[in-house]
Each structure stands twice: as C-alpha cells, then as structure tokens.
Amino acid sequence: MATSKVEGSSSLRHAFGGVLSVFILLLIGVVAFSIRLFSVIKYESVIHEFDPYFNYRVTQFLSKNGIYDFWNWFDDRTWYPLGRVIGGTVYPGLTLTAGTMWKLANSLNIPLSVETVCVFTAPIFSAFAAWATYLLTKEVKGTGAGITAAAILAMVPSYISRSVAGSYDNEAVAIFALIFTFYLYIKTLNTGSLFYATLNSLAYFYMVCSWGGYTFIINLIPMHVLLCIVTGRYSSRLYIAYAPLVVLGTLLAALVPVVGFNAVMTSEHFGSFLVFIIIHVVALVYYIKGILTPRLFKVATTLVLTVGIAVCAVVVAILVALVASSPTKGWSGRSLSLLDPTYASKYIPIIASVSEHQPPTWPSYFMDINVLAFLVPAGIVACFLPLSDASSFAVLYLVTSVYFSGVMVRLMLVLAPAACIMSGIALSEAFGVLTRSMKFHITKYFECSHTEAPAKLGESTSTESSAPLENMTKSDTTEKPEVARKEKVARRKQKKEKELTENAHVKPVSAKKEKRPLVLPLEASIVSVFLLIVLGGLYVLHCVWAAAEAYSAPSIVLTSHSHDGLHVFDDFREAYAWLRHNTEVDDKVASWWDYGYQTTAMANRTVIVDNNTWNNTHIATVGTAMSSPEKAAWEIFNSLDVKYVLVVFGGLVGYPSDDINKFLWMVRIGGGVFPHIKEADYLKDGQYRVDAQATHTMLNCLMYKLSYYRFVETDGKGFDRVRRYEIGKKHFKLTHFEEVFTTHHWMVRIYKLKPQKNRIRGKSRKSKLGSKSTSSKSGGMTHKNPWN
Amino acid sequence: MAKGTNDAQLLVQSLRKAYAATPTSLKIIDLYVVYAVATALIQVAYMAMVGSFPFNSFLSGVLSCVGTAVLAVCLRIQVNKDNKEFKDLPPERAFADFVLCNLVLHLVIMNFLG
C-alpha cells in the first residue's frame with residue numbers, strides 16, 4: 001500500500017514533469033523566435049545583405065510561375081551574355097520551404113506577401129532547430145540535458161548571426177535539417193528501428209536540398225561508424241543505422257540537380273562508400289564468428305587475410321591511380337580549401353577574398369559562443385561517464401566542428417549546435433549533482449531518524465528551491481554512482497566555482513545501502529547553484545546584447561548616431577530604385593560582383609557578374625575593366641553591351657566597405673587572368689594609396705575616376721573620410737563616361753557609357769565634338785586593344 | 001600445405017553444417033539477398049560491355065539492387081530469434097518497417113530512372 005502510494009505520487013510527478021517540459025519547450029520556441037526580431041523592430045521588415053536577395057528573387061519567381069518553371073528556369077538577366085541555369089545550380093530547399101509556407105498561408109486566406117514569409121522563415125526555423133536540439137540531446141543524455149541544450153541553442157549568438165529576421169539564406173533551414181538528421185541517426189542507433197532509418201534518409205535528403213554543407217554529415221556519420229567499429233562497439237543496430245542511410249542517402253542526394261552525379265563521383269562521398277564496405281566486412285566477420293568454434297575461426301581468419309590482402313592491394317592501387325589522375329584528387333575547390341587552409345589563397349583568389357572565409361580570431365569565439373566555451377570541456381567529460389554510442393557521436397561532432405570553425409569563420413555556425421549540446425549536458429549534470437546534494441542534506445536535516453529517506457535520492461528528483469526560469473527544473477532519472485574525483489575535475493573547469501576546491505568529500509549514508517549517492521556539503525551546493533544561475537544570466541545578457549547590437553544590421557540600410565540625432569543612409573535602395581525607374585528594361589549594368597544579386601532583385605536590370613562567382617574569367621574581365629584607364633575600360637564594357645556602370649563610394653560619409661577598399665582584389669583577380677594587370681603598378685612602395693603619392697596607373701584607372709569624379713566640389717579639398725587623407729588627382733574630366741546619378745550621401749554613383757565618338761583619322765582631340773566622318777575604326781592603330 | 005587444404009575443407013564443412021541449422025525463413029531471406037546482389041553484378045557487367053551512357057539509369061538500377069539487399073539484411077537481423085537485442089520487436093513490425101523503407105527506396109528509384 002505504501003509502495004503504491006509512492007508509485008502513484010511518482011507517476012503524478014512524472015506527468016507533472018512532462019507537462020512542464022512541454023510548456024518550457026514552447027517558451028523556448030517563443031524566445032528563439034523573438035530574439036531574432038531586433039532588426040525588424042529597429043529598422044523594418046526588409047531582406048538583409050546580398051545572398052538573401054537572390055533567394056528572395058528565386059522565391060518570387062517560384063510563387064509566380066510554379067514549380068515546373070522554377071525547376072527548368074534559365075536566367076538571362078545575370079552573367080550577361082552567358083546566363084545562368086538556376087534550376088541546376090541552386091540548392092532548392094530554402095526556396096521550396098518558403099514557397100510552401102507562402103502557398104499554405106494564402107490557401108488559408110492569410111494574405112502574407114512573399115517578402116514577409118521570406119523575412120520570417122529564419123526565426124521560425126530556429127525555433128524548430130531548438131526543439132530538434134532538445135530531441136537530440138534527450139537521446140544522448142536525457143530530458144534535463146535536452147531542455148538545457150534547447151534553451152542555450154535558442155539564444156547562441158553564432159546561430160543568431162545567420163538567422164535573424166531578414167537573413168533569408170540557406171543556413172536558416174540547413175541548421176535545423178542538420179540537427180534533425182543527427183537526431184534521427186542517434187535515434188536509429190539507440191533503437192535499431194528501420195522506420196527511423198527511413199526517416200533519417202529523408203531528413204538527410206532535406207539537408208542535401210538546403211545547403212552545400214551536407215558533406216559534413218556524409219563524412220561525420222561514417223567517421224562515427226568507423227570509431228564505433230574500432231573501439232569494439234559494433235552492434236547490429238549500427239548496421240541498421242548506417243547501411244540504409246548510405247544507399248538511400250546517395251540516391252536521394254543524386255536526385256537534387258545541383259549535386260547530381262557528384263554524389264558518386266567526388267571524393268567528398270568516397271568516405272561513406274569505404275565505410276559501407278568496411279561495415280559489411282565487419283558484419284560478416286561477426287556473423288561467422290558467431291557460428292564457428294574459436295579454433296576454426298582462427299583458421300578462417302588466416303585464410304581470409306592472405307587472400308584478402310592481395311585483393312585489397314590491387315583495388316587500392318586502382319583507386320589511387322584514379323584519384324591521383326585528377327589535379328585536385330577529386331575534391332572540389334571549396335572542400336579542398338577547408339582541408340588545406342592555404343589552398344585558396346594560392347590558387348583561387350575569389351574564394352580567398354570573401355571575408356567569411358577567413359579564419360576566425362580568438363575573441364570571435366567568445367563573442368559567438370560566449371560562456372559555452374568554458375562549459376564544453378565539462379560536457380566532454382560528462383559524455384564519458386558513461387560512454388555510449390550517442391555520447392561518442394556528440395564528442396566526435398564537437399571535435400570536428402571545432403577544427404572546421406578554426407579554418408573558416410563562417411563555419412562557427414556548425415560549431416554552435418555541438419557546443420550547445422555539450423554545455424547542456426554539462427549544466428544538467430552539474431545541476432543534478434548539486435540539487436541531489438541539497439535534497440539529501442535537507443531531508444537528512446528534517447527526518448534524521450528515518451533510514452529510508454536517503455534511499456529516495458537514487459530515484460528521480462525534482463528541484464523545488466532552485467528553479468531558474470530559463471533552465472530546466474527536472475534532472476535526469478537514471479542516476480549512476482559517479483566518482484567523486486571526476487565530479488571535482490568537472491567542476492574545476494567552471495571558472496566561477498572556486499569555493500569547491502577544498503570541499504570534495506563524500507558522505508556515506510548508511511551501512512545497508514549498496515548505492516552511495518556522492519554528495520557535496522550543503523553550503524557549497526547552494527553557492528554553486530546560485531553561481532551557475534548567475535552564469536546563465538550573464539550568458540542571456542550577452543546573447544540579447546549581441547542580437548540587438550551586433551547582428552541585426554540589415555546592411556542595406558545604415559544608421560549612424562551623431563550629435564544632431566540619428567542619420568539613416570538608404571542610398572543603396574535609392575540607387576536601385578533610380579535604375580529601375582530611369583533606365584530601359586534591357587539595359588545592362590556593370591558593377592563589382594558584390595552587388596549583382598541586389599541589382600537583379602531590386603533594380604530588375606541585367607548584370608554582368610553577381611555573387612554566385614561561378615565564372616572566374618568573367619569576373620576577371622570586369623576587374624580588368626575597373627583597373628584599366630578610361631578608354632580601355634570603355635572598350636571592354638562596350639564589348640559586353642554594358643550601358644551603365646555602378647560604383648560604391650564611401651569617402652563622403654566614412655562607409656568603409658566601398659569599392660576603393662575592395663579595389664586591390666579586383667586587381668588581383670583581373671591580373672590572375674589578364675597578365676597585363678600587375679598589382680605592383682597600383683602600389684607605391686608596397687603601400688596602397690590614392691593620395692598625391694599614388695602611382696600614375698592608380699590615379700588614372702577607371703575605379704579611381706568614377707569614385708572621385710567631382711568629389712573635390714563637396715568640401716573644396718577632396719578629403720576622403722575613409723582613407724583619411726586628401727585624394728591625389730582632384731580636378732579631372734571624364735571622356736568616355738558621363739555621370740547620370742549620385743545618391744544623397746554619394747554612396748552609390750551611376751555612370752553611363754558615352755556613345756562612340758565620331759572620330760577623325762589620327763590622334764583624337766578632347767574638344768572635338770561631332771564634326772566629321774563617322775568612320776569609326778574601333779581597333780585603330782592609336783588605340784591599345786586590351787584583348788591582345 | 002596439405003594441412004592448409006585440410007583445414008580449409010574442415011572450415012567449409014563446419015560452415016555448411018552451421019548454416020544448415022538456421023531456420024527456413026532466414027534462409028529464404030538469404031536467398032533473396034543473393035538474388036539481389038547477383039542482379040546488381042549482372043547490371044555492372046552489362047554496363048562494362050555497353051557503356052554507361054544513361055548514367056542515372058545505371059545508378060538507379062544498381063543502387064536499387066544493393067538497397068533491397070541491405071534492407072533484407074536488416075530485416076533478417078531484426079527477425080532472427082538468436083539476436084538478443086531485438087527480442088521485444090514483433091516480427092510483423094520488422095516486416096512493416098521493411099516494406100515502408102522499400103516503398104521509399106523504389107519511389108526514389110522510379111523518379112531517378114529517367
């Protein structure tokens with residue numbers, strides 16, 4: 001009767017805990033959504049940056065024309081005159097997701113525009129990602145760790161930076177797909193159910209549709225399988241988790257046009273095939289071991305080894321010959337630059353020039369994952385007590401993502417879920433031990449005559465005194481007798497708990513218990529719980545600050561605070577709107593590739609190069625034109641049918657990411673293809689300058705002229721606020737271009753190519769205007785043809 | 001050398017004896033696996049003779065055979081009564097999962113076959 005009462009109360013507690021967990025998860029979703037809305041509140045509901053504008057344009061096309069036209073779309077408004085096959089070169093997951101949500105909302109008569117759906121896709125999917133983290137960590141360590149990890153992921157700044165409202169980029173849905181695929185893999189590994197293996201393959205398909213980073217999954221999972229085999233943890237569940245995924249996953253990956261046959265032919269996938277073969281060999285070995293006697297098994301192994309090694313050597317030789325015959329050993333340029341960080345700067349300057357591809361600095365780790373950097377080592381230790389397949393996967397995921405985040409700052413995003421999982425585990429274990437100690441001491445204080453009170457400590461506990469609002473309130477139910485030494489080590493890693501170093505003794509409870517709960521003294525526990533809550537509070541403060549101040553800038557609208565209030569710089573949209581309303585529909589606009597997506601999306605004009613950067617020679621052509629003197633540049637642009645040239649100039653207001661600062665990259669990329677452009681010609685004594693000491697080539701190139709034309713009229717001296725000196729050549733006229741528009745703060749300047757001059761034979765004189773024969777010898781003797 | 005061949009013969013005999021002891025249902029699944037792998041090998045041989053022009057068709061054909069073989073092996077693992085990890089799993093559930101996974105696999109194959 002007493003036991004049934006105990007069981008009834010514990011099942012009631014379980015039910016109450018379940019409802020509380022659901023409520024907490026709902027709140028976590030709301031937090032994840034709301035913390036990403038700062039840019040909508042501070043600015044407006046607008047798409048940010050550059051790449052999201054392309055995705056937005058594609059989604060608009062999808063919503064207007066339907067999926068078949070989208071799948072077969074050939075875009076002729078970009079990369080003129082080459083065009084771009086959108087259907088075959090874009091990862092369709094994001095656009096299809098947003099398109100589906102828009103269609104669903106409109107079919108329910110909720111009139112959301114495509115732009116609204118695009119802006120808010122990322123916050124919605126970050127809430128889903130937090131729930132997926134809960135599921136994944138629950139499989140690794142238990143419900144308490146799951147809720148903590150979900151709460152941490154909802155706010156981690158590195159994930160916020162790529163998924164604010166308005167950042168409509170692939171990572172917005174890809175991170176959710178990544179975590180969900182890992183969850184289903186671990187679930188299959190834990191249960192051995194083929195149903196979850198099927199779901200795992202489908203989730204992997206969604207990931208392949210969404211992001212090029214899917215190669216991380218298809219290499220991490222084989223690595224983990226290999227780790228399990230090597231450490232003797234092979235089981236039939238491992239086979240069920242891995243083998244169907246490889247076959248179904250490869251097929252599904254080949255279905256996506258952007259991947260196509262790369263799914264079986266590039267080195268990024270060979271690892272999975274190799275481990276597929278290995279796991280079959282291992283499975284066969286285990287099966288034969290099961291049905292033979294040990295002596296015969298030894299005979300079998302010697303026989304197989306002698307034959308097998310010979311066959312293996314032949315196969316490996318063939319494979320090596322195949323792989324070595326390709327110059328990049330079968331890897332794509334981007335993957336190779338991840339494995340060898342110096343590869344891009346030597347061979348592919350375009351990849352090296354993107355600022356997101358630079359290695360991160362140490363402070364950026366603290367900025368992006370903050371307190372988690374301290375909790376992660378504690379989490380790794382907690383994963384080893386005890387080590388299971390799932391926790392070994394979590395450790396492997398963390399280690400590989402730390403390596404990749406060190407290569408490229410953009411991949412800090414892949415580190416964020418791993419760090420959150422580890423920190424969730426660490427915090428949950430810490431809270432479990434501390435609250436258990438507190439409860440033990442408190443019950444012992446109140447019922448010191450009862451000998452069965454300590455027995456309850458081994459079961460599930462719920463904390464009543466220390467329930468932080470954003471952290472979990474229920475600790476894990478399956479407690480194991482943990483070693484006091486390891487607890488001490490785990491807690492030493494947290495820098496706040498200095499008081500614990502002298503209080504590490506164990507209190508045995510009573511003689512007749514076999515399980516000794518290892519507890520800490522009451523005061524130490526209370527102080528530690530309080531300090532952990534303060535740690536969590538500081539983390540939340542930092543995350544909210546980072547979201548509000550650092551990562552919410554839409555970068556298409558700039559603001560600055562000065563003594564006379566807030567200035568808003570809306571020059572980009574002003575320029576694109578001018579282009580949209582004042583030029584013909586078929587006019588071509590040339591600019592540096594950064595602005596290509598925005599120009600096609602907002603100004604709706606054909607561009608020469610854009611952010612997809614798939615054709616290096618075309619970009620080098622534009623770069624050469626920008627670095628050449630006016631006449632040569634006019635020739636190049638005229639051959640491309642360009643009508644308007646757009647440059648971004650920040651010298652009047654101090655906007656540092658303008659084209660003059662990017663100019664050396666244009667020279668390098670142009671010089672990589674056209675050898676007459678040499679970087680040394682533009683540098684004076686190895687220094688890049690545009691003042692009076694600059695070289696003649698620099699002062700006469702098109703970029704200088706288009707940026708600084710009439711700049712001296714603004715303040716009489718031509719003081720450049722970004723470079724912080726006066727410019728070199730102040731008074732000059734343009735011969736082959738005419739200025740048609742400059743925005744309010746001079747940030748975007750648009751020029752038109754002058755039609756071909758009526759020339760006289762011989763040297764052309766500047767003041768001659770339209771008085772003679774129209775025999776235009778475009779490749780005349782006096783003109784230097786840049787194409788020879 | 002003679003001892004080697006003697007040992008090999010002994011090995012093969014004991015393997016055959018141990019395998020004969022497995023239940024008939026599992027032997028049927030094993031036969032299905034052998035059939036699927038043989039079909040895959042025939043397709044590869046055909047590709048080696050004729051060339052791989054519609055590569056997607058070749059890929060989907062071979063991967064469908066390999067896929068059903070893998071799924072049949074998973075079914076065998078789950079249905080095998082000697083396997084202690086799956087003693088709570090009713091064989092009907094295992095078969096239902098097998099059918100579901102095969103449905104997804106063949107849906108993808110039909111799409112990719114061209």
Side-chain angles (χ1 to χ4, degrees), chain A residues 188 190-202 205 235-257 260-261 263-265 273 276-277 279-280 283-284 286-293 295-304 306-307, chain B residues 3-22 52 55-56 58-60 62-71 73-78 80 82-86 88-89 93-109 111-113:
Chain A
T188 317
N190 280 346
T191 60
S193 151
L194 201 54
F195 171 65
Y196 280 108
T198 317
L199 288 182
N200 187 20
S201 310
L202 291 175
F205 175 51
S235 64
S236 44
R237 287 172 292 120
L238 190 69
Y239 181 84
I240 295 179
Y242 183 63
L245 172 69
V246 169
V247 178
L248 258 182
T250 308
L251 265 174
L252 286 167
L255 267 186
V256 182
F261 295 146
V264 289
M265 300 216 290
F273 300 144
F276 185 66
I277 296 177
I279 201 177
H280 276 93
L284 196 65
Y286 269 84
Y287 172 67
I288 294 193
K289 196 168 177 186
I291 62 175
L292 282 182
T293 65
R295 187 190 73 87
L296 278 175
F297 180 64
K298 249 186 243 158
V299 169
T301 47
T302 47
L303 182 68
V304 165
T306 47
V307 171
Chain B
K3 187 173 183 312
T5 49
N6 213 0
D7 266 342
Q9 271 182 351
L10 200 59
L11 182 67
V12 168
Q13 269 180 0
S14 74
L15 268 178
R16 197 173 291 171
K17 209 166 52 164
Y19 187 67
T22 57
S52 70
F55 191 60
N56 55 327
F58 164 67
L59 211 57
S60 64
V62 169
L63 282 180
S64 82
C65 296
V66 172
T68 52
V70 163
L71 291 177
V73 171
C74 292
L75 177 67
R76 185 193 200 277
I77 291 174
Q78 288 182 327
N80 195 356
D82 300 331
N83 206 337
K84 281 173 284 305
E85 279 176 4
F86 291 101
D88 313 326
L89 188 70
R93 167 73 196 264
F95 188 67
D97 287 342
F98 170 71
V99 167
L100 173 72
C101 208
N102 262 317
L103 267 176
V104 172
L105 175 71
H106 285 94
L107 191 66
V108 176
I109 298 285
N111 194 358
F112 197 48
L113 206 52

Steps toward side chain to side chain contact (heavy atoms under 4.5 Å, CB included) verdict (B:Val108, A:Leu255): CA-CA 8 Å; B:Val108 176; A:Leu255 267 186; 3.8 Å; yes
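- With a threshold of 4.5 angstrom between heavy atoms, A:Phe276 approaches chain B through side-chain atoms but not through N, CA, C or O.
- Contact of B:Leu63 with chain A is made through backbone and side chain together, with heavy-atom distances under 4.5 Å.
- A:Arg237 contributes atom CZ, which lies 8.5 Å from atom OG1 of A:Thr191 (distance to the nearest 0.5 angstrom).
- Residues A:Ala241 and A:Asn200 come closest through the heavy atom pair O-ND2, 4.4 Å.
- When heavy atoms are compared at a cutoff of 4.5 Å, A:Leu202 approaches chain B solely by way of its side chain, counted from C-beta outward.
- Residue A:Phe195 touches chain B through both its backbone and its side chain, counting heavy-atom pairs closer than 4.5 Å.
- Of the listed residues (B:Leu75, B:Leu105, B:Thr22), the one with the most heavy-atom contacts under 4.5 Å to chain A is B:Leu105.
- Within the 4.5 angstrom heavy-atom criterion, no atom of A:Tyr196 approaches chain B.
- Proximity to chain B involves both the backbone and the side chain of A:Ser193, based on heavy atoms less than 4.5 angstrom apart.
- Using a 4.5 Å cut-off between heavy atoms, B:Asn83 contacts chain A through its side chain alone, with no backbone atom that close.
- The 12-atom threshold is not exceeded at CZ of B:Phe95, counting heavy atoms of other residues, nucleotides or ligands nearer than 6.0 Å.
- Here B:Glu85 is the residue among B:Lys17, B:Arg93, B:Glu85 with the most heavy-atom pairs under 4.5 Å with chain A.
- Put simply, the side chain of B:Gln78 gets close to the backbone of A:Gly192: a donor and an acceptor are under 3.5 Å apart.
- B:Phe55 has its side chain within reach of A:Val264: a pair of non-hydrogen atoms, C-beta onward, lies under 4.5 Å apart.
- If you tally non-hydrogen atom pairs under 4.5 Å between each of B:Ile77, B:Leu89, B:Val12 and chain A, the highest count goes to B:Ile77.
- Residue A:Leu251 holds its CG atom at 4.5 Å from CD1 of B:Ile109, rounded to the nearest 0.5 Å.
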